[in-house]
Trainee: 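Questions regarding the structure given below will be posed in turn.
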Amino acid sequence: MTSGPVRTHTQGMAADRVTAATGRSPDDWYALLDAADGRSIGHTAIAAHLVTLGVDPWWAQGVTIGYEQSRGLRIPGQRSDGTFAVSASRQVPGERETVLDRIVPLCVEVFGFAPTSKRRGGKRPSARWTFPDGESVLVNTEDGPRPGTVRIAAQRERLTGPDRMPEAKTSLQELLARF
C-alpha cells in the first residue's frame, strides 16, 4: 500500500536522516531488532529497547514504525492499537494561537459541533473533535519553518479500517484548503 493516501514510513523518513540521528541505518536497526525478537515483542517493547540502546525517543518511534512496516506487522497509516489515521498539513502566516483561534470556527462549521477538548499554550496549541463513532480529528498548530509562519496539522484518528483512509485524507485536505 505504498501509493495510497498515506506514505510508507520509509517514504517519509529518509534513511540518511535516520543514520545521521541514530548512528545506524534503518536496515542495520531492523537486523538488530530481528535478533531481539522484534516481530513478536510488540511496538512498545521495540521502542523501549531502542531507547535503552541510546536512541532518542522520537527517533525510536520512527525506527519502530519503519521496522513494523518493513516486516509486515502494520501497514502505512495503521497505529499500534490496530486503528488507522491520516493527516494533512498546511503552512500559513501568523502565530500559533491566533491561527488556532481562526481554524476552530471553520472546523465547528464543518463538523457541526464544538471541540471536545482544546489546549492553548505550549509548542502545539490544539483542538480535538471526537465523533459518536469514536473517530476523532486533532488539529494543532506549531511554528513553521520560517519566522512568522505556522504549520497547521490535522489528523483523523481511530479510523476502523484502511478503506476509510482515502475519504478521510481528502476531507482533511479540503478542510485545510478552505482556511
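Computed over heavy atoms, backbone and side chain alike; hydrogens, waters and symmetry mates excluded.
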Trainee: Quick one: salt bridge (charged side-chain N to carboxylate O under 4.0 Å, His left out) pairs with a partner in residues 39-61, sequence neighbours left out?
Mentor: Asp34-Arg39
Trainee: Please name the pair of heavy atoms, one in Pro125 and one in Arg120, separated by the smallest distance, quoted to 0.1 Å.
Mentor: CB-CA, 4.3 Å
Trainee: Kindly give the heavy-atom pair with the smallest separation between Ser25 and Thr19, and that separation in Å.
Mentor: CA-OG1, 3.1 Å
Trainee: Please check if the side chain of Arg156 supplies one atom and the backbone of Ser171 the other of a donor-acceptor pair under 3.5 Å.
Mentor: no
Trainee: Spell out, yes or no, whether Trp129 and Leu172 are grouped together once hydrophobic residues are joined by side-chain heavy atoms under 4.5 Å, including indirect joins.
Mentor: yes
Trainee: Less than 4.5 Å apart, any side-chain heavy atom of Val104 and any of Val139?
Mentor: no
Trainee: Is any side-chain heavy atom of Asp101 closer than 4.5 Å to a side-chain heavy atom of Lys118?
Mentor: yes
Trainee: In terms of heavy-atom contacts, does CZ of Arg74 have more than 12 from other residues, nucleotides or ligands at under 6.0 Å?
Mentor: yes
Trainee: Check step by step if side-chain contact (heavy atoms from CB on, under 4.5 Å) holds for Phe113 and Val108.
Mentor: CA-CA 5 Å; Phe113 60 99; Val108 168; over 6 Å; no
Trainee: Rounded at 0.5 Å granularity, tell me how far CD in Gln78 sits from CG in Leu159.
Mentor: 11.5 Å
Trainee: Could you give the distance from SG (Cys107) to CZ (Arg178), rounded to the nearest 0.5 Å?
Mentor: 9.5 Å
Trainee: With side chains defined as the heavy atoms from C-beta onward, is the minimum distance between Arg24 and Val55 less than 4.5 Å?
Mentor: no
Trainee: For a quick test of reading the model, state the closest non-hydrogen atom pair linking Val150 to Gly94 and the distance between them.
Mentor: CG2-O, 3.2 Å
Trainee: I'd like to know whether CD of Glu97 has more than 12 heavy-atom contacts from other residues, nucleotides or ligands below 6.0 angstrom.
Mentor: yes
Trainee: Give me the atom names and distance for the closest heavy-atom approach of Gln155 to Ala85.
Mentor: NE2-CB, 3.7 Å
Trainee: How about Ile152 and Ser89: do any of their side-chain heavy atoms sit closer than 4.5 Å?
Mentor: no
Trainee: So, do Val92 and Arg102 sit near enough that their side-chain heavy atoms are less than 4.5 Å apart?
Mentor: no
Trainee: More than 12 heavy atoms of other residues, nucleotides or ligands under 6.0 Å from CZ of Arg79: is that the case?
Mentor: no
Trainee: Determine whether Arg90 and Gln173 satisfy the following criterion, side-chain contact (heavy atoms from CB on, under 4.5 Å), listing intermediate values before the conclusion.
Mentor: CA-CA 9 Å; Arg90 179 172 179 196; Gln173 290 168 330; over 6 Å; no
Trainee: When you compare the side chain of Arg96 with that of Asp143, does any pair of heavy atoms fall below 4.5 Å?
Mentor: yes
Trainee: Taking all heavy atoms of Val51 and all of Pro57, pick out the closest pair and write down the distance.
Mentor: CG2-CA, 4.0 Å
Trainee: Just how far is it from atom CE of Met165 to atom OG1 of Thr170, taken to the nearest 0.5 Å?
Mentor: 11.5 Å
Trainee: Given side chains that start at C-beta, do those of Ser87 and Leu138 come closer than 4.5 Å, heavy atoms only?
Mentor: no
Trainee: Would a distance-only check, ignoring hydrogens and angles, find a side-chain to backbone donor-acceptor pair under 3.5 Å from Thr116 to Thr130?
Mentor: yes
Trainee: Is it true that Arg158 and Glu135 have a side-chain N and a carboxylate O under 4.0 angstrom from each other?
Mentor: no
Trainee: Flag the pair Arg164 and Glu167 as a salt bridge only when some basic side-chain nitrogen lies within less than 4.0 angstrom of an acidic carboxylate oxygen.
Mentor: yes
Trainee: Could you measure the distance from the CG atom of Leu100 to the CG atom of Asn140? Nearest 0.5 Å is fine.
Mentor: 8.5 Å
Trainee: To the nearest 0.5 Å, what is the distance between OG1 (Thr22) and CH2 (Trp59)?
Mentor: 7.5 Å
Trainee: One thing to verify: whether Glu142 and Arg151 come together as a salt bridge, which I'm taking to mean a side-chain N less than 4.0 angstrom from a carboxylate O.
Mentor: yes
Trainee: Quick check for you: to the nearest 0.5 Å, what is the distance between Glu157 atom CD and Ser136 atom OG?
Mentor: 4.5 Å
Trainee: Of the non-hydrogen atoms in Gly38 and Ile46, which two are nearest, and what is the gap between them?
Mentor: O-CD1, 3.3 Å
Trainee: Report yes if some heavy atom in the side chain of Thr64 is under 4.5 Å from a heavy atom in the side chain of His49; otherwise report no.
Mentor: no
